[in-house]
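Every chain is numbered from 1, with letters handed out A, B, ... down the list of sequences.
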Amino acid sequence: MADDISKSSNQRSPLTTNYLRSEKINVNDNNEEPFYNASNRFTNQSYFNKNLDIVYENPNLNIQNGTEKKDYSSRRTYFEDKAAKQALSDSVRREAYGKDKPQIFNNLIIYVNGYTNPDRSTLHDMVVLHGGHFSHYLTAKSKVTHIVAENLSLKKRIEFASYKVVLPKWLVSSVQAGKLLPWQEFSLLRTNTIGQTTLDINRLKKQPQITNCNDPDFIQNFFANSRLHHLSTWKMELRQQFLDSFNPVMIPKTGEQLTIFHVDFDCFFATVAALSSTTIKCDLNKEPIVVCHGSKSSDIASCNYIARQYGIKNGMWVSQAQKLCPKGVKLVCLPYEFDKIKEKSSIFYKTLQNLNMFNMILPISIDEAVCILIRTSLNNHNDELICERIREAVFRDTEGCTVSVGCADTLILARLSLKLAKPNGYFTCMKYMKDSPLFWENFKNDDLPGIGRQLVSKLNTYYPRCNNLWQLRNDASIESLKALLGNKLGSKVYNQLRGKDDDEAAKLIHDPISTFERKSLSIDINWGIRFSKIEQVDTYLERCVEYLIAKLKEMKKNTSQVTLKVMKRAKDAPIEPAKYLGMGQCDSFSRTNRLGIPSSLQGLITTELRNMFRSLSCPPAEVRGIAVHFTKLVDVAKYRQKRLPFQKNIILNINETNKINSPVTPFKDVVPDINVTTPNRDNGGNLQTGIPKRPVKRVLFREEHNNISHKSSPDEYHSDLESPRKKMQKMLDRTESSVSKRPSIVNSPLREIDTRYSPSKEESSFLSDFPTRTAKEDIAYDTTQNSGEEYGNGGSFNNNVANVNIEKNIYEHNNKRLLGLSNGDSIRDKIESDELSSQDTGGLTENDPKIFTYGGLVNHDDESNFKIMFQGISGTEEIMDSYENWIYSTLHDIPPSDRDLIILEDFIWSLLRTGSIHTVIRMTQRLSSILRNFSLINKKNYNGNQKWEVVLIRKLIHILNMHSNWDDEKLPTDFPIKY
DNA sequence: TTAGGTGGCAAG
DNA sequence: CATCGCTTGCCACCTAA
Ligand SMILES: Nc1ccn([C@H]2C[C@H](O)[C@@H](COP(=O)(O)OP(=O)(O)OP(=O)(O)O)O2)c(=O)n1
């Protein structure tokens with residue numbers, strides 16, 4: 001915490017570091033993006049090669065030399081040619097000899113490794129004649145689905161870790177059985193000691209890095225490597241753990257005397273990296289060590305105290321850090337060790353617990369905790385002894401990581417003491433120091449918590465003579481501080497300077513429960529975000545929502561408000577910023593919408609966000625970052641969400657499921673969730689909302705401050721825009737009658753932009769002729785795997801997109817029809833009455849066994865369209881929502897019941913019979929996504945998710961495969977089977 | 001006057 | 001090659017009623 005770059009840095013604490021400073025620091029402060037610095041001064045790239053003497057441990061970072069690269073690429077081309085020829089001859093052979101054979105290996109691409117029995121060519125024939133493909137090589141592009149091998153060396157095992165590796169017997173037995181047997185039963189890895197293997201894999205596996213944000217795994221991959229993501233999620237995990245295991249009795253009462261020990265690892269990431277570094281030996285006490293991913297514009301997460309002597313700080317770019325090193329000094333770059341970091345942190349917290357000394361241990365972050373001791377007349381501690389005990393115990397248990405401890409009787413004094421203690425020491429703030437210059441003169445303005453870069457520069461401007469906190473304490477009146485920093489912060493600082501915690505800070509101690517309770521949930525990625533088409537944004541938004549909803553479900557919460565924030569490349573910023581795939585200078589735009597009713601439905605929220613994105617009028621190609629926030633979280637228990645498929649009247653319905661053509665359950669008590677969305681969709685459908693907001697702030701990082709040009713924001717522009725937008729917000733909560741009040745946008749100069757990034761009229765008619773089965777309407781899977789270059793172009797979400805532009809009357813007509821409303825009814829009234837009736841009947845609780853039915857097959861409506869009813873619901877979106885809810889509620893200990901699964905299977909088949917294969921694909925995809933996210937969040941497996949995994953592979957994918965054999969309608973060969 | 005939306009800022 | 005620039009919460013300010 002001590003030495004972040006984000007704090008002003010031309011001052012130092014004499015106690016901690018009294019070495020070289022100011023000129024070096026000016027280099028930091030010149031507000032230029034290093035990239036431009038570099039290219040201006042040293043236009044020749046080789047300057048870096050010659051002069052940046054950086055030692056890498058990470059083998060990934062080694063520069064590959066040119067000739068090797070060339071060989072590699074030519075080799076690849078060769079194989080690609082060969083593969084094409086091979087595929088051709090395979091299909092000819094299949095045509096000639098395989099016609100009468102069951103095509104059980106459809107969609108499989110098999111690669112055979114090493115010696116096998118039966119041998120490679122036999123297997124080859126077997127695969128090809130039964131509809132499969134055979135690959136002779138293994139690259140990312142070859143899309144191999146399974147590797148067949150008898151045995152694998154450790155090295156191969158690591159290399160193949162992400163593949164399904166099976167015994168040849170799988171192929172043989174499947175052919176004998178005349179059907180595709182589950183590969184898992186022939187998995188090679190299972191017959192080995194998995195524990196051992198995965199351990200080695202984790203250590204050695206070099207994962208391919210995904211840098212395309214349109215890749216389905218981008219988010220997961222990015223997060224796996226993002227230090228800031230780790231910090232944030234760890235922090236929330238620690239808070240949750242605290243809440244789960246905490247005894248409120250331990251909360252100190254106001255007025256009790258406390259001793260506070262603030263404990264923090266020294267340069268945590270750097271220490272862990274250095275200690276676990278095996279391939280390179282480095283000395284934390286002799287060499288400057290930093291933890292980073294790359295070599296130039298890569299952020300330094302943590303640097304050791306040697307590096308800090310040169311002025312290097314956490315958050316600084318490597319190139320800048322290198323410049324700060326004296327000639328001849330090598331900067332040691334180590335890779336992140338997230339697993340180890342987590343491990344050391346757990347030990348740290350356990351150790352503190354085991355000391356059995358404290359009334360409370362409050363987590364501040366992964367490497368930092370505040371330990372509270374209540375003083376009574378009975379216990380008279382020796383604070384210094386306790387500090388030493390803590391330090392020894394942690395050092396011993398973590399095998400070499402040092403912590404520093406600051407001890408005092410308030411949080412602020414403990415924190416300042418910690419600052420003095422670092423590195424590798426402790427400091428107790430005695431009574432006599434609290435008001436003494438001997439203590440306060442050691443601190444700079446930015447040592448105050450809550451004072452960062454911006455505020456420190458304010459302080460420095462207003463109090464230019466105050467170079468340390470003692471001077472500030474004497475010079476700054478409470479009035480002037482309040483005027484400068486605002487009311488709250490002003491008095492907070494004033495009190496801090498006198499060693500007192502303000503109420504807000506003390507809340508941590510006296511009300512940890514509400515302090516640690518989660519109030520919002522968000523995802524925010526500003527790296528690697530590059531789109532070319534709106535569909536890609538749509539897909540990305542859905543993935544964001546997917547991620548958030550998985551978490552939301554874990555917490556049993558709904559959200560009633562969503563915010564979308566878009567980072568747009570600033571006009572004068574280069575297309576590609578200095579940092580590879582970074583965001584560069586951006587303007588930020590945001591929009592908040594309320595959902596009519598708290599929800600955790602993916603379809604609903606995604607649609608909302610897509611509309612919001614369109615309303616921001618940002619060309620996809622200009623987007624550099626996207627954030628989705630769920631604000632206003634509501635307990636599911638408090639707000640009983642509608643439980644469509646599981647109400648009693650539906651349960652009765654199960655008796656009718658075998659009567660295929662029986663009439664469907666009337667809507668009476670079964671209200672599809674669509675009514676919840678109505679006002680919002682309607683709102684979104686209105687191009688009115690396509691009013692771009694002015695950029696609120698030029699967002700840039702410290703390194704990129706060179707070209708600051710604050711956007712002017714003419715007032716008339718502002719007010720013109722704000723007002724109708726606010727009106728639109730209000731409309732969200734109104735009935736359709738308000739919709740007519742929409743202001744016209746005919747005269748808006750922005751209309752053209754709006755429509756450009758909104759779907760055209762022609763695309764928008766799906767609801768009126770639902771359920772026509774155009775590809776546009778209901779293809780759900782991602783075409784990523786096929787197209788290679790055009791991710792997410794499957795039109796998968798055009799039905800949602802289409803909603804945006806639906807004419808009001810058509811829209812309402814259809815929804816009322818769906819809802820069983822007559823034309824005079826207000827949708828809002830309907831929502832409310834259904835809410836009531838849902839509460840009356842009580843619904844089933846989360847843990848009740850669920851009955852999942854689909855009621856009958858087809859039904860002719862007045863437009864003579866087929867409708868498959870599912871749970872009395874016929875809209876694709878609503879069916880998806882019910883389906884999704886069902887999955888979520890059966891992911892944990894209570895799995896979906898077999899009976900329900902049979903019903904699901906029936907439903908799937910009838911979809912296929914009526915040609916709705918894309919809906920089935922979509923359902924498959926959705927299940928796959930949910931499971932993937934579930935495993936992202938849960939380390940542990942449950943009955944539920946495991947059962948669903950089996951359903952995914954053996955039922956859904958299997959049925960799709962079989963279906964594709966029926967009528968020569970070939971599915972894309974690379975259906976994502978990732979389990 | 002209050003209430004609620006929106007943006008700035010900081011921390012790790 | 002590079003590189004992984006997150007996420008949460010508080011507070012001030014503004015506007016509407
Ligand atoms: N801008 C930042 C700040 C911190 N961190 C990470 C790396 C740090 O190791 C960890 C803890 O942050 P601290 O502020 O405690 O910094 P250090 O532990 O590195 O150093 P100190 O000895 O000052 O505590 O958080 C980061 O990735 N990026």
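Candidate nucleotides B:dG12, B:dG5, C:dC10 were compared by shortest atom distance to the side chain of A:S365, and B:dG12 ranks first. Here B:dG5 is the nucleotide among B:dG5, C:dG9, C:dG5 with the atom lying nearest to any side-chain atom of A:K632. For A:Y580, whose side chain is taken as the heavy atoms from C-beta onward, the closest listed nucleotide among C:dC4, C:dA2, C:dT8 is C:dA2. For A:Q454, the listed nucleotide lying nearest its side chain is B:dA10; candidates were B:dA10, C:dG5, B:dG7. Among B:dG12, C:dC6, C:dT3, the nucleotide with an atom closest to any side-chain atom of A:K579 is C:dT3. Of the candidate nucleotides C:dA12, B:dA10, C:dC4, B:dA10 has the atom nearest to the side chain of A:L455. For A:H229, the side-chain atoms get nearest to C:dC6 when compared with the rest of B:dC9, C:dC6, C:dC4. Of the candidate nucleotides C:dT7, B:dC9, B:dG4, B:dG4 has the atom lying nearest to any side-chain atom of A:R594.
Shown for residues 521-530 of chain A: residues whose heavy atoms fall under 4.0 angstrom of DNA chain C, namely A:L521, A:S522, A:I523, A:D524, A:I525, A:N526, A:W527.
With a 4.5 Å cut-off on side-chain heavy atoms, A:P449 and A:Q496 count as touching. Side chains of A:M583 and A:P577 form no contact here, defined as non-hydrogen atoms less than 4.5 Å apart.
Within the structure, every side-chain polar atom (N or O) of A:T211 is placed at least 4.0 Å from both OP1 and OP2 of C:dC4. At C:dG9, none of the side-chain N or O atoms of A:T515 fall inside 4.0 Å of OP1 or OP2 (strictly under the cut-off). Side-chain N/O atoms of A:S520 include none lying less than 4.0 angstrom from OP1 or OP2 on C:dT7. Using a 4.0 Å cut-off, some side-chain N or O of A:R227 falls inside it from OP1 or OP2 of C:dG5. In this model, the phosphate group of B:dT6 is approached by a side-chain N or O of A:T592 to a distance below 4.0 Å at OP1 or OP2. Neither OP1 nor OP2 of C:dA2 sits under 4.0 Å from any side-chain N or O of A:Q209. Close to B:dA10, at under 4.0 Å from its OP1 or OP2, lies no side-chain N or O of A:R453. For C:dT3, one of the phosphate oxygens OP1 or OP2 lies less than 4.0 angstrom from a side-chain nitrogen or oxygen of A:S297.
Atom C1' of nucleotide B:dG12 and atom CG of A:L238 are separated by 12 Å, given to the nearest angstrom. Computed from coordinates, the A:L633 CG to C:dT7 C1' distance equals 13 Å when rounded to whole Å. Whole-Å rounding puts the A:D502 CG to C:dC11 C1' distance at 12 Å. For the pair A:W234 CH2 and B:dG12 C1', the interatomic distance rounds to 11 Å; values are reported in whole Å. Counting to the nearest Å, the P atom of C:dG9 and the CG atom of A:L228 are 17 Å from each other. We find that NE2 of A:H293 is positioned 12 Å from P of C:dA2, with the value rounded to whole Å. Counting to the nearest Å, the P atom of C:dA12 and the CG atom of A:L485 are 10 Å from each other. The nearest whole Å value for the distance from the CZ atom in A:F222 to the C1' atom in C:dA2 is 15 Å.
Between A:F218 and A:Y540, the ring-plane angle classifies as tilted under the 30° and 60° cut-offs. Between A:F242 and A:F516, the ring planes lie perpendicular to each other; the angle is over 60°, past the 30° to 60° tilted range. Ring pair A:F265/A:F348 is tilted by interplanar angle, where 30° to 60° counts as tilted.
Under a cut-off of 6.0 angstrom, the local environment of NZ in A:K482 is crowded, with over 12 non-hydrogen atoms contributed by other residues, nucleotides or ligands.
Within 4.0 Å (heavy atoms only), A:H230 reaches no atom of the nucleic acid at all. Note on A:F268: nothing from the nucleic acid sits closer than 4.0 angstrom, heavy atoms only. At a threshold of 4.0 angstrom between heavy atoms, the contacts of A:T233 with the nucleic acid are absent. Nucleic acid contact class of A:E517 (heavy atoms, under 4.0 Å, all strands): sugar-phosphate only.
Residues A:L231 and A:G486 each lie close to DNA chain C; by heavy-atom proximity, the contact nearer the 5' end of the strand is made by A:L231. When each of A:S298 and A:R239 is assigned the nucleotide of DNA chain C bearing its nearest heavy atom, the one mapping closer to the 5' terminus is A:S298.
In this model, a side-chain donor or acceptor of A:S232 finds a partner on the base of B:dG12 within 3.5 Å. For A:E504 against C:dC11, a side-chain-to-base donor-acceptor contact under 3.5 Å is absent.
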Point to revise | Evaluation steps, side chain to side chain contact (heavy atoms under 4.5 Å, CB included), between A:C586 and A:K568 | key: CA-CA 5 Å; A:C586 285; A:K568 181 187 181 191; 5.8 Å; no
- Message: Would A:H629 and A:D524 count as a side chain to side chain contact (heavy atoms under 4.5 Å, CB included) here? Give the steps.
- Response: CA-CA 8 Å; A:H629 295 243; A:D524 196 333; 4.3 Å; yes
- Task: Determine, stepwise, if the pair A:K488 / A:D502 fulfils salt bridge (Lys or Arg N to Asp or Glu O under 4.0 Å).
- Result: CA-CA 9 Å; A:K488 270 275 172 51; A:D502 65 319; over 6 Å; no
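Using modelled atom types and a 3.5 Å distance limit, the side chains of A:H262 and A:E368 yield a donor-acceptor pair.
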